[in-house]
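Contents: one structure, followed by commentary.
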Amino acid sequence: MSDTAHDDQVSDGLDLDGLAHLARLRIVDPAVAAATRDQVDRLLGHFAILREVDTDGVAPSTYPIEIQNRMRADEPSDILSQDQVLKNAPQKRGGCFLVPRVVDG
Amino acid sequence: MTSEFETARALAAAVRDGSKRAADIVDASLARIAARNPQVSAFVEVHDEDARRRAAEIDAARERGEDPGPLAGVPVALKDNYVREGFRSTCASKILEGFVSPYTATAVAKLEAAGAVIVGRTNMDEFAMGSSTEHSCYGATKNPFDLSRSPGGSSGGSAAAVAARMVPLALGSDTGGSVRQPAALCGIAGLKPTYGRISRFGLVAFASSLDTVSPFATDVHDLALALSVLAGVDPRDSTSMDTEAPIASVENDLSGTRIGVPEEYFAKGLDAEVEAATRAALEHMRERGATLVPLSMPHTKFAIPTYYLIATAEASSNLSRYDGVRFGPRADSADDLLEMYVATRTQGFGPEVRRRILLGCYCLRQGYADEWYVKAQKVRTLIRMDFDAAFKQCDVLASPTSPIPAFRLGEKVDDPLAMYLCDTLTVPANLAGVPGLSIPCGHTASGLPVGLQLMAAALDETTLFRVAGAYQSSTRFHVKEPAL
Amino acid sequence: MTSVGNVPFETTIGLEVHVQLQLRSKLFAPSPYDSGGTPNTRVSVVELGLPGVLPVLNREAVRLAIRAGIALEGEINTRFHFDRKNYFYPDLPKGYQISQFDEPFCRGGRVPLGHGESGEQRFGQLERIHMEEDAGKTTHTAGGSLVDLNRAGVGLIEIVGKPDLRTPSEAYAFLTELKQIMQYAGVSECDMEKGLLRCDANISVRPVGATELGTKVEIKNLNSFKMVQRALEYEERRQRAVLANGGIVLQETRLWNEEKGESATMRTKEAADDYRYFPEPDLPPLTIERSFIAEIENDMPELPALRRARFATHYRLPDYDTGVLMDDRRVADYFEATAIGCGNAKLASNWVMTEVLRVMNERDIAITVFPIGPDRLAQLIGAQSDGRISRNAAKRVFEHLANHDVEVDAAIAELGLEQISNRKELAAIVQEVLAANPDPVADYRAGREKAMHALQGMVMKKTSGKANPQLTRELLIELLSTD
């Protein structure tokens, strides 16, 4: 059972349609949409426990280990043939990937 | 039951000294796969022809007097999220159906250069998102110790392949416990090395700062051998570390070793039999010269939320490339681009993957990222500091690997949160980047394996191997095979 | 500041410029970088965005980017990282672009704009400069859109100007100066025609004295610096007219249409995309040592201001010449090589400014593929100043060299243009002409200067133009005065 009080705090902004659009996904079936919203809500409700942690002055860890300055020389080496590039393409034309026309020009 | 099964190091040694042929070893492996895979469904594809051809090459090389490598003739299985030139990789997802890679993962290339023979690809949770190997477009893999139960996940196929003795070595990937947890549930050894030890180039990304190339074997010595072959900096992976590869040999001495026992890993919710077997293992080691050091890692309870927020955020971005433009099936309905994207992705991804992508988008959203994603990264720092503090008091940390033994298939698949909690004890090591392994330490009354987890400081796999090796040299849990 | 009706308005312009770094390979991928070529033949697995691939940063890109920052007088951050900018587009294979969000490698900076009304040096201030990878190219056809990934992953720097430019011509000046600095610094050739430099502009208009800026309109599809200026001039007029009529300027993005000479609303875009920026986990952060920056400062190629000064003092070139020659660094290099080769900077300058640039324009080619190299041109100039050929002959030789790959001497010989400069030989011819034309001789002796020209003309005709003009005149005067 979801914790209703928690829900109000957590799911402001749970604009599922907006999220789905950002992710280029769709939830057509209203029942599935409701179930998904429920599940996501519940998960976020559980994750909200992080609010208890005092992180004042703590730096975020993007990397689990200390690495810096990894770079490579400016040497061209790898290249695929046009065939290899297009090999897995669902649709192609004239050496290019073909997609339905982009509407915004 | 006596098995004709042999360890990877024994097989390789036999091929190198000529007492065995790679062709025979691979044939035997393929025969066991043919016999057992129908029950277990570990493999989604077996490369009979290619494996035999490769084995013949190794035998020929050996006959010419060339060094066939430290893994000569050893049959190895690959989780379905490693790419290999000319072969299919699908991450158990419909969205990668038919995808054939034009390049080979560095880890795979290293195995092959060492003489290993890739015999097939194994089942997994789709895009490594899961703890049961049930979220797969190929159906579920079964636990060889009890075919009605899950082998764990997401690397359940590779775990089952080794547990059922179809192969002595298999590659999985461990992002939140996806090798250690299945190793525990399947009664075998699984190693998650230090993040950055092994190149991720060619391992299909789930969560970039957490993913680790991780091997399964039947014992610690084989794990060490595998690591010595796989480790090393790769110019194609900027997060791979330029550091000495650990040596393959394993010492067995526990005297003077301080074993940290974090109280938060023994909290309520732990299955009684799992706890009993784990505590017995600790006692066993104490009797052999180790000191047990009770300690606290206070941020442990925040590990699951921290992990899931970071992992889903990174995954939501890593999976954007699956769009039907350059590879993979494309939904054919579409007249316009937006529809093509949405239909392709909605049809191609399973529900767990879609759920995690949505979660990930949410916690990166403008206005919410600070509260969720950045907050999680800060808590991650605190979790890492817990490990730093712990390793000042001990050489290695010990805990159960999974809070519960193998659960029934279907039991948790509809309850995401329940599934996520399976990872409670394993995700901290991924967040901190430290190495961890799981080795068998007992069985439940009904014969289900229990795993002991050991964790060490970054780059200290040697200590892990030493402690695990000592434990295995005086116990027989890892030798017990499933009755298939 | 001009006005529409009785209300004076002032304009605020900001530019966002993307410059392709001059590298041999891409920013995060090891494939070769060169523009053009058959589609999808300059692609590696990395920028193709295949499962399992990872980016690796090009060291030379960091060097060039920092060099650009220093040349533009910005402040280089000693610590920076990359971020992912997430959005979907067919020529963005990974579904995210690796860019920089909150920690760009360079903050601030400025571009000189020439002198303002009161004589003070004006500058266009910069907000920041950051590194990012380019996307591929999408071509729209009736049957669908075609995606070519050759350009995907190419290294760019994005130069964000503060909105402090006041007129469209300042915007033009900003771009030409920026291009020149980038060229001279060796960062990029900045050919807008080849897509090495791309520019978006934003412009707002407000009544003089208003404290808040007007609504900002963004303009895209600008393909040359002049086009930027024209588009901004149009937009400025449009916005002023709207405001003067009591209307409201919409905040939008407009596409410039060069043919029609007007801008139009882009089809309504969706609400601004949420790019969900987060630090790129596949690329570790960078810490730049002060010593590295010092190294780059020391290796800095000669920047325009310095070269301008050098051309003035060392070659004593007038400002006008310098301006023309320096417009393209490659032309300035060509000029210098020629000047050093022939030892006469002014002559070299004249030849480059007139003949070389003329042929370049006629043939629409860059100096890099000009058919006459600086050494050869230097030789030609030398032949003329030595008196071996006349100035007109030199021009003819030049044309010949522009169409044939031959040495200067061979060309002169082939065209039979060797000037007659041998005193004895020419004197004999002059004698003949004088003997054959008594009337002009008499006219000249009677004090008519014009007859000299006629006699010169006759000598030229007799020698098919090969007589050295100065020597001819000298000999004529000498011989005509001795009789």
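Every heavy atom of this structure was used, including side-chain atoms; hydrogens, water molecules and symmetry mates were not. Sequence lines set the chain letters: A, B, ... in the order given, protein chains first and strands last, and positions in each chain run from 1.
Chosen from B/R356, B/K375, B/R354, the residue pairing most often with chain A at heavy-atom distances under 4.5 Å is B/K375. Among B/F302, B/Y103, B/F99, the residue making the largest number of heavy-atom pairs under 4.5 Å with chain A is B/F302. Note: B/P305 leads B/S101, B/P305, B/G196 in heavy-atom pairs under 4.5 Å with chain A. Contact count versus chain B (heavy atoms, under 4.5 Å) is highest, among A/D54, A/T55, A/V99, for A/T55. Heavy-atom pairs under 4.5 Å with chain A peak, among B/L319, B/I357, B/V325, B/L210, at B/V325.
Atom CG of A/D41 sits about 8.5 Å away from atom OH of B/Y362, to the nearest 0.5 Å. To the nearest 0.5 Å, atoms CZ (B/R326) and NZ (A/K92) are separated by 14.5 Å. Here the straight-line distance linking atom CD1 of B/I304 with atom CZ of A/F47 works out to 8.0 Å at 0.5 Å rounding. Rounding to the nearest 0.5 Å gives a distance of 13.0 Å between CG of A/L50 and CZ of B/R380. Separating the OG atom in A/S61 from the CD1 atom in B/I310 is a distance of 7.5 Å, to the nearest 0.5 Å. Atom OG1 of B/T194 and atom CD1 of A/I65 lie 8.0 Å apart (nearest 0.5 Å).
Inter-residue side-chain proximity for B/H299 and A/V53 is flagged as met; some heavy-atom pair is nearer than 4.5 Å. Using a 4.5 Å heavy-atom threshold, the side chains of A/P100 and B/R330 count as touching. Two residues are said to be in side-chain contact when any heavy atoms from C-beta on lie closer than 4.5 Å; B/T346 and A/I27 fail this criterion. Residues B/E371 and A/R51 meet the side-chain proximity criterion, which asks for heavy atoms closer than 4.5 Å. At least one side-chain heavy atom of A/L44 sits less than 4.5 Å from a side-chain heavy atom of B/L359. A 4.5 Å side-chain heavy-atom check between A/D78 and B/R236 finds at least one atom pair inside the cut-off. Contact check for B/R365 versus A/L19: side-chain heavy atoms found under the 4.5 Å cut-off. Looking at B/M241 and A/I67, their side chains come closer than 4.5 Å, going by heavy atoms from C-beta outward.
At least one donor-acceptor pair closer than 3.5 Å links the side chain of B/T381 to the backbone N or O of A/A59. Side chain of A/R70 to main chain of B/T239: no donor-acceptor pair is present (N/O by atom type, distance under 3.5 Å, no hydrogens or angles).
Neither the backbone nor the side chain of B/A458 comes within contact range of chain A; no heavy atoms are under 4.5 Å apart. If you measure heavy-atom distances from B/S238 to chain A, the contacts under 4.5 Å come from both the backbone and the side chain. For chain B, the nearby part of A/Y63 is the backbone; its heavy atoms alone come within less than 4.5 Å. Neither the backbone nor the side chain of B/S208 comes within contact range of chain A; no heavy atom of the residue lies under 4.5 Å from a heavy atom of that chain. Using a 4.5 Å cut-off between heavy atoms, A/L25 contacts chain B through both its backbone and its side chain. No part of B/V353 comes within reach of chain A, as not one of its non-hydrogen atoms sits under 4.5 angstrom from that chain. Contacts of A/K87 with chain B are made by side-chain atoms alone, with heavy-atom separations under 4.5 Å and no backbone atom involved. Only the side chain of A/L43 comes within contact range of chain B, with at least one heavy atom under 4.5 Å from a heavy atom of that chain. Interface remark: A/Q68 contributes no atoms to any contact with chain B (heavy atom separation under 4.5 Å). For B/L431, the part lying under 4.5 angstrom from a heavy atom of chain A is the backbone only.
Contact record, A/P90 with B/G324: CG-O, 3.2 Å, taken as the closest heavy-atom pair. Between B/Y195 and A/P64 the shortest heavy-atom distance is CD2-CG, 3.3 Å.
Heavy-atom neighbours of B/M385 CE from other residues, nucleotides or ligands within 6.0 Å: at or below the threshold of 12. No more than 12 heavy atoms of other residues, nucleotides or ligands sit less than 6.0 Å from atom CD of A/E66. Heavy atoms from other residues, nucleotides or ligands lying under 6.0 Å from CG of B/D388 number more than 12.
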Apply the test side-chain contact (heavy atoms from CB on, under 4.5 Å) to residues A/N88 and B/V100: give CA-CA distance (whole Å), side-chain angles for both, the deciding distance (0.1 Å), then the verdict.
CA-CA 7 Å; A/N88 287 289; B/V100 176; 4.2 Å; yes

For the pair A/R24 and B/D323, evaluate side-chain contact (heavy atoms from CB on, under 4.5 Å) and give the outcome as yes or no after the intermediate values.
CA-CA 9 Å; A/R24 298 304 186 264; B/D323 57 10; over 6 Å; no

Verdict with supporting geometry, A/T36 and B/R355, side-chain hydrogen bond (donor to acceptor under 3.5 Å, both in side chains):
CA-CA 7 Å; A/T36 307; B/R355 186 165 33 238; 5.9 Å; no

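Remark: A/R26 engages B/E339 in a salt bridge, criterion side-chain N to carboxylate O under 4.0 Å. Using a 4.0 Å cut-off between charged nitrogen and carboxylate oxygen, A/R42 and B/D415 count as a salt-bridge pair.
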